[in-house]
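This report refers to the structure that appears directly beneath it.
Fair warning: this is a prediction, and the values are worked out from it, not measured in the lab. Reminder, nothing fancy here: chain letters follow the sequence lines and each chain counts from 1.
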Amino acid sequence: MAPSFFRTANLASRVFDRQFLSPRPGTAVNTVRQLYENLVPSYTIYDIDCPDYSFRKFTDDGKYLVAFSRNHQDLIVYRPIWPTFSCNDACDSNDLPPKAKKFDSFFKQLYSISLASSNEYICKDFFLYMECHQFGLFATSTAQSNDSTATEGAIHGVPSIEKITFYLVRLEDGVILDEKAFRNDFINLAHSIGAYLYEDLLCIVSLRYQTIHVLQIRDSGNLVEVRKIGAFCQEDDELFLHSHGQAARGVSFLPGIKQRLLSYIFRKTWNEESDQSLRVQHLKKKFYFHFQDYVDLIIWKGAYNMIVEQVQFLDRHHLFIKFGSVDGGVSRSTEQNLAFFAVYNMETTDIVSLYQNSSEELYSLFEYFYDHFHANPQNSSHGNFISSHSNNFHALDQLRAIKNKASSSSQFVKKMMASLPYTCQSQSPSPYFDLSLFRYDEKLISAIDRHRHCTEHPIKFISVNQPNVVKFKIKPAPAAHMACIVSTDGVLVGLTLEIILYTSKEMIKNIPASFRSNLPMHRMNSRY
Amino acid sequence: MGSSLGGWPSYNPQNFSQVVPADPSAQPLNVIPATYIATHRTDPPPGQVITTDPKNILLRHFYQKSEEKLRPKRAAPDNLTPQNNGKQPRGPVADGGGQASGRS
């Protein structure tokens, strides 16, 4: 496609250009996304009668709209369907057919299934989508009990939930393919923090038992546990220890993951002293003498006494683990206290590197390679094109501006590190959030799936290509109106020549916007 | 040469053999470009297979940085006499002792 300052604003012209101009190699998706400059929401329909459900999210491929019943026990899934109509000459709002004002014209209910039984509730904040098989992962839990009776292996200070169940549902037809329950445990389900999906691997962090469960989602829909990291790092560690009667002798071994942490610190301390003869002495002084301290108290600025708070995959073999405090793990407090990040190789069970949350070195990796914290090769839709400071100059400028204004460099770094590990599927891949196409007020709306205060003022989306041109506005409805945002799929395009072109899914891939459910309904219509 | 294309440029040793320098007083240039002849074998090692590193760039950086840190620091050399190539060896590494930085 032509450089940005040559991009024409005329959609028909761009479609014709596309017939004979092929995009530069590897930029097919970027080129498609640019067409969304011409296809913008242009109309809002208010006062639609919607079913009384809590609408959660569109899947990133635009195929499903997930909703939960008000009593948090049922899952309702809709298929977005897009009504089409045509009109002569200029269309305006009075020409909308009656069907455009009906919820059913836009969404078709596929099924409603009961996920949670009597004393359980679906966690509204938890939803992960596996696009290749169209599987959805949901979670239900019983009420949280604050009296955490000490159970073997459980750490203090973490509440206990009687039962947390994960359900793998085939969204196409609502069949529950598999489920996995955790009893008397605590997993942070808010915003799907306690789990991370990478290709077909799912890791779930049990805060209470300080264990990372790695499961594989098979093509059949079975959830198979492939690894459990915490007490033991290798599958046969447990067997080995039992067979050697260690457990029987009452010798307690340190949890596997902390063994790894200690050996990492050991190696680092060992290498600090270059003189071979002095090494052992150095080690004795620094490491062995304080060994018990290391186990019980805070060493190396507290690395050892911390708990596994959150985990993500960096690739199929590496985990990025945040070691934090109990408070941080349970309540996600925004205070930037001390925290550590470790890169853990699951195959070799080695800790590759360990960083404090104020580390400048880790920050520089965050600044340059942020996209690799959330890259997922299985993203077939536009998940790999989410704007960030690592792929967009405007975002990088904004980050640098904050950095320059920050009074304390280490506080700034800690604040940025609070966004690691990346929260799985927390950002919308919609082209309307693409900073190379549109500018918008990120305090009012952004790609990050987060609750925001509803504002009175319309949220403006300004074109980057044509500066100062407001391409579209989203007017948040007052609370009384029940409505939701719809996404583009099969967009209707009208030409002034009275020829209606129907752009099918194949021409422009659908990228839905996952806005909150209290925003008005828009019908996508663009005329040139 | 009687080509139907009418004498367009072609690889012909006779081309430019009659070139007369525009400036007759200019010295004829007899610069022979220097050629480089390797004094060692430049063939790749036998059985070499080049593959793509499956680690993404972020992971490569993590590994690289951790290798730098875990590699033993250069020990102080025993003899401080200049080497053959005239370079001075580095001075002994300052005693790390208890000052090991906790920051990565």
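The line from NZ of Lys55(B) to NE2 of His317(A) is 10.5 Å long, rounded to the nearest 0.5 Å. Rounding to the nearest 0.5 Å places CD of Glu68(B) at 7.5 Å from CD of Glu361(A). His61(B) contributes atom NE2, which lies 8.5 Å from atom OG of Ser364(A) (distance to the nearest 0.5 angstrom). Distance check, rounded to the nearest 0.5 Å: OG of Ser66(B) to CG of Leu354(A) gives 10.5 Å.
Interface residue Val352(A): backbone and side-chain heavy atoms are both found under 4.5 Å from chain B. Both the backbone and the side chain of Phe373(A) come within less than 4.5 Å of a heavy atom of chain B.
Residues Phe369(A) and Arg60(B) are not in side-chain contact: their nearest non-hydrogen atoms beyond the backbone lie 4.5 Å or more apart. The side-chain heavy atoms of Phe320(A) and Leu58(B), taken from C-beta on, include no pair separated by under 4.5 Å. Looking at heavy atoms from C-beta onward, His372(A) lies out of side-chain contact with Leu59(B) at the 4.5 angstrom threshold.
Between Phe62(B) and Tyr355(A), the two ring planes are tilted [angle within 30° to 60°].
Annotation: salt bridge (charged side-chain N to carboxylate O under 4.0 Å, His left out) contacts of Asp200(A) (sequence neighbours excluded): Arg316(A).
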